[in-house]
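The structure under discussion appears below in the form of structure tokens.
Quick caveat: nothing in here was measured; it's all calculated off a predicted structure.
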Amino acid sequence: MIFVNSFVYYSLIPFGIIIIFITHPSLAEDEKPHDDYYTSLIGVQNLARKEQQTVAQLVRYKRKLEERLTLVERYLEDYRKSIRPLIQKSKTLRKSSLKKQYPIFRKENDLHTISETMSSHPLMVFRLLRRYAKELPDIALNLFQDINIEIKDYLAMLADNLDLPTEGDLNGAADGILRLQETYQLSTYDLSVGKLIEKDTGCGLVASDMQLIGVRAFNTKKYATSVEWIYHGWQMVKNGDKSISMEIIKENLRVTSDHHNIELLSFKPSSLSLFQNLINSTWSNIDGLYRTPLVTEYPLKIVSDTIFDYYNFNALCRGEQLLTPAQTKNLRCWYAHDSPYNIISPLKFEAHHENPPVYQVYDMISDEAIRHIKKLAEPHLKRAQVLGSYQKAGGIKSDVRTSSVAWISDKQDVNDTLLLKVPKSIQSATGLIPWAMRAAEELQISCYGSVGGFYVPHFDALFHPGVTLSKEMEGTNRGDRVATIMFYLSDVELGGGTAFPRLGIASKAVKGSAVIWYNLRYNGERELLMLHGGCPVLYGNKWVANKWIRLYDQFHVRKCTKHRFE
């Protein structure tokens, strides 16, 4: 049997990593597929619920252990109180033995003195007899009780009924924290004490956590980041943290520092995550060391793939303003009464970009509809997979999107008035025909992982060079995805917006609002400026619903022209 659920302890050693596995016999690879917790918001929430039962069981087990320990301590404390006066008044017993909590003698002369003195004192004799007649039998009786049965049965039940987190989940969570740190330029120290930008959460990390994340950064050649994490873990141990030994973390700091210096001295460093100068692992403080700057400018509207897609994306996620005042002066907000549905309650539009257009419409979907959609989606949420793999056995998990997805049918004939409000609101706001299955895809619900859930910059349009689509799976007879309407089903306190790196704009995750953009030009070509991605969720939970409108049924409402824009 192959055990896939393990508690893992990480430690760096020169030229490699030693991993010590403490396995538990639960789920084998061939018994149950594992859906990654670090990408599953619902999975983490269920795990948090289950932990309340686990803590209750551990508290009961702790009480039983404490009861057993109390019996032992009661015996030893009574012995201590009896023996100390005897030692103090004795002329032959060593007074240095009083420094010990429980003095113990083994030499025959000492044993003779103790036995003579104790047998001469009626109260000492009584206490000695009581310890042997009462305390010791109580200890023996308690030891015959198997206090481990209940906790063993619970842990066995947990392993049978719950897909426990694995080493992969731990690594994925560490990657998520490093992603948040890089995107939002968070200091390692702030993360260690639970500070997320200006929000002090009060929940930080321990030294062993710092070590694990530092090792993960080391494995991805982020050597300066690795040094910082392990360095701050070392500071925690110096200040009394007992979660990892001083020897291990000091050695790991030395190894990461050495690798950093080797990389810095090479003429072709493979990582941009380096300090500008060599570092010494024996320094008492590395705070304030100058880091190599990555980027100082953010060029826009480059239609080819460049590193600036990545830089711009991160800058927008941080809330940086990439457009000049001259570029934003014509952007506006307005109320739309175009549809009969919106005469009394007009749609609230905000223009994020004019050409190509990107709008955000507020209060487009009600809280009641949102609760209903989430309830429908939750039982069907699965880890996001690579395009075209959903019908394959097991699918292919996506490494560029840490979210869980579900599809809900919102065809025109579905007998669900709350659900049908979604396509109706789309038609009201855009004039497009939104009904699944021909004119549009079914509603896709996504919830993003609890540790830096994100989606790398990508295009929604399906037809472009290098991608071969199955006609049956992707519905090529319906045309490409001409438009995207993305509903935010939750507010996100920090992060979680949608960034368009080539346009230099980003939308905030506002519950009930929808962001609308067009993936195709009016002449049918793919719009290369509509690259977009989901910013990592720094704090909060992110739910979205995507409706992709297909091209062929929109010819009468969005007519083609030979020009890029109408």
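Residues satisfying the disulfide (SG to SG under 2.5 Å) test with Cys447, not counting sequence neighbours, are none. Phe555 meets the side-chain contact (heavy atoms from CB on, under 4.5 Å) test with Leu551, Tyr552, Cys560; sequence neighbours excluded. With sequence neighbours left out, the salt bridge (Lys or Arg N to Asp or Glu O under 4.0 Å) criterion links Lys542 to no other residue. Remark: Glu493 engages Lys199 in a salt bridge (Lys or Arg N to Asp or Glu O under 4.0 Å) (not counting sequence neighbours). Residues passing the side-chain contact (heavy atoms from CB on, under 4.5 Å) test with Gln185, sequence neighbours excluded: Arg318. Considering only residues two or more places apart in sequence or on other chains, Asp190 meets the side chain to side chain donor-acceptor pair (under 3.5 Å) condition with Ser187. Under the side-chain contact (heavy atoms from CB on, under 4.5 Å) criterion, Lys508 pairs with Val510, not counting sequence neighbours. A search for ring pair (Phe, Tyr, Trp, His ring centres under 6.0 Å) contacts involving Trp543 returns nothing, not counting sequence neighbours. Taking the side-chain contact (heavy atoms from CB on, under 4.5 Å) definition, one finds that Ser425 meets it with Met364, Phe487, sequence neighbours left out. Residues passing the ring pair (Phe, Tyr, Trp, His ring centres under 6.0 Å) test with His532, sequence neighbours excluded: His458, Phe500, Trp517. Asp305 meets the salt bridge (Lys or Arg N to Asp or Glu O under 4.0 Å) test with Arg502; sequence neighbours excluded. The side chain to side chain donor-acceptor pair (under 3.5 Å) search around Lys424 returns none, not counting sequence neighbours.
Checked for salt-bridge contact, Arg526 and Asp480 miss the test: no charged N lies under 4.0 Å from a carboxylate O. With respect to Arg481 and Glu441, a salt bridge is recorded, a charged nitrogen being found less than 4.0 Å from a carboxylate O. Between Arg478 and Asp553 no salt bridge is recorded (no basic side-chain N to carboxylate O distance below 4.0 Å). A salt bridge links Asp258 with Arg254; the closest basic N to acidic carboxylate O contact falls under 4.0 Å.
The main-chain N or O of Lys511 is found under 3.5 Å from a side-chain atom of Asp491 such that the two form a donor-acceptor pair. In this structure a side-chain-to-backbone donor-acceptor pair under 3.5 Å is present from His260 to Phe275. Ser226 contributes a side-chain N or O that, together with a main-chain N or O of Gly214, makes up a donor-acceptor pair within less than 3.5 Å. Side-chain atoms of Gln554 come within 3.5 Å of backbone atoms of Ile433 as a donor-acceptor pair (strictly under, hydrogens ignored). For the pair Asn546 (side chain) and Ile485 (backbone), a donor-acceptor distance under 3.5 Å is absent.
Note that Arg558 lies in the cation-pi zone of Tyr522, set by a 6.0 Å cut-off to the ring centre and a 45° limit from the axis. Both tests do not hold together for Arg550 against Trp548: distance to the six-membered ring centre under 6.0 Å, angle to the ring axis within 45°.
With a 4.5 Å cut-off on side-chain heavy atoms, Arg216 and Asp175 count as touching. Between Glu525 and Leu520 the shortest side-chain heavy-atom distance does not fall below 4.5 Å. The closest side-chain heavy-atom distance from Val358 to Ile505 is below 4.5 Å. By the 4.5 Å heavy-atom criterion applied to side chains, Ser404 and Lys382 are not counted as neighbours. For the pair Lys547 and Thr484, the minimum side-chain heavy-atom distance is 4.5 Å or more. No side-chain heavy atom of Met530 sits less than 4.5 Å from a side-chain heavy atom of Asp460. Within the 4.5 Å cutoff, the side chain of Asp367 has heavy atoms near those of the Arg371 side chain. Taking the side chain as every heavy atom from C-beta outward, Phe454 and Arg179 approach each other to under 4.5 Å.
Looking only at atom types and distance, the side chain of Tyr362 has a donor-acceptor partner in the side chain of Glu350 under 3.5 Å away. Residues Ser513 and Asp363 bring no donor and acceptor atom of their side chains to less than 3.5 Å of each other. With hydrogens and angles left out, the side-chain atoms of Thr498 and Tyr488 include a donor and acceptor closer than 3.5 Å. With no hydrogens or angles considered, no side-chain donor-acceptor pair links Ser490 and Asn541 at under 3.5 Å. A donor-acceptor pair shorter than 3.5 Å cannot be found between the side chains of Thr225 and Glu228. For the residue pair Glu182 / Asn314, no side-chain donor-acceptor distance below 3.5 Å is found, with atom types taken as modelled.
Considering OG of Ser40 and CG of Asn46, their distance stands at 7.5 Å, rounded to 0.5 Å. Taking CZ from Phe313 and OH from Tyr310, the interatomic distance works out to 9.5 Å, rounded to the nearest 0.5 Å. The CG atom of Leu538 lies 9.5 Å from the OG1 atom of Thr183; values are rounded to the nearest 0.5 Å. To the nearest 0.5 Å, atoms CG (Leu531) and CG (Asn312) are separated by 10.0 Å. For the atom pair Ile408 CD1 and Leu443 CG, the distance stands at 6.0 Å (nearest 0.5 Å). Between the NE2 atom in His259 and the CG atom in Leu264 there is a gap of 14.0 Å [rounded to 0.5 Å].
Nearest heavy atom pair, residue Leu322 against residue Ala315, reads CD2-CB, 4.3 Å. Contact detail for Pro423 and Pro434: the closest heavy-atom pair is O-CG, 3.1 Å. Nearest heavy-atom pair, Gly495 versus Tyr184, reported as atom, atom and distance to 0.1 Å: CA-OH, 3.3 Å. Across Ala207 and Ile249, no two heavy atoms sit closer than the pair O-CD1, 4.2 Å. When all heavy atoms are compared, the tightest approach of Asp309 to Pro501 is O-CB, 3.4 Å. Counting all heavy atoms, side chain and backbone alike, Met210 lies closest to Gly233 at CB-CA, 3.7 Å.
Ring geometry for His232 against Tyr189 counts as tilted: the plane angle lies between 30° and 60°, on a 0 to 90° scale.
Ring-centre distance between Phe218 and Tyr223: below the 6.0 Å cut-off.
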- Task: Determine, step by step, whether Gln181 and Thr188 satisfy the side chain to side chain donor-acceptor pair (under 3.5 Å) criterion, reporting the C-alpha distance in whole Å, the side-chain angles of both residues, the deciding distance to 0.1 Å, and the verdict.
- Result: CA-CA 8 Å; Gln181 181 179 25; Thr188 304; 2.8 Å; yes

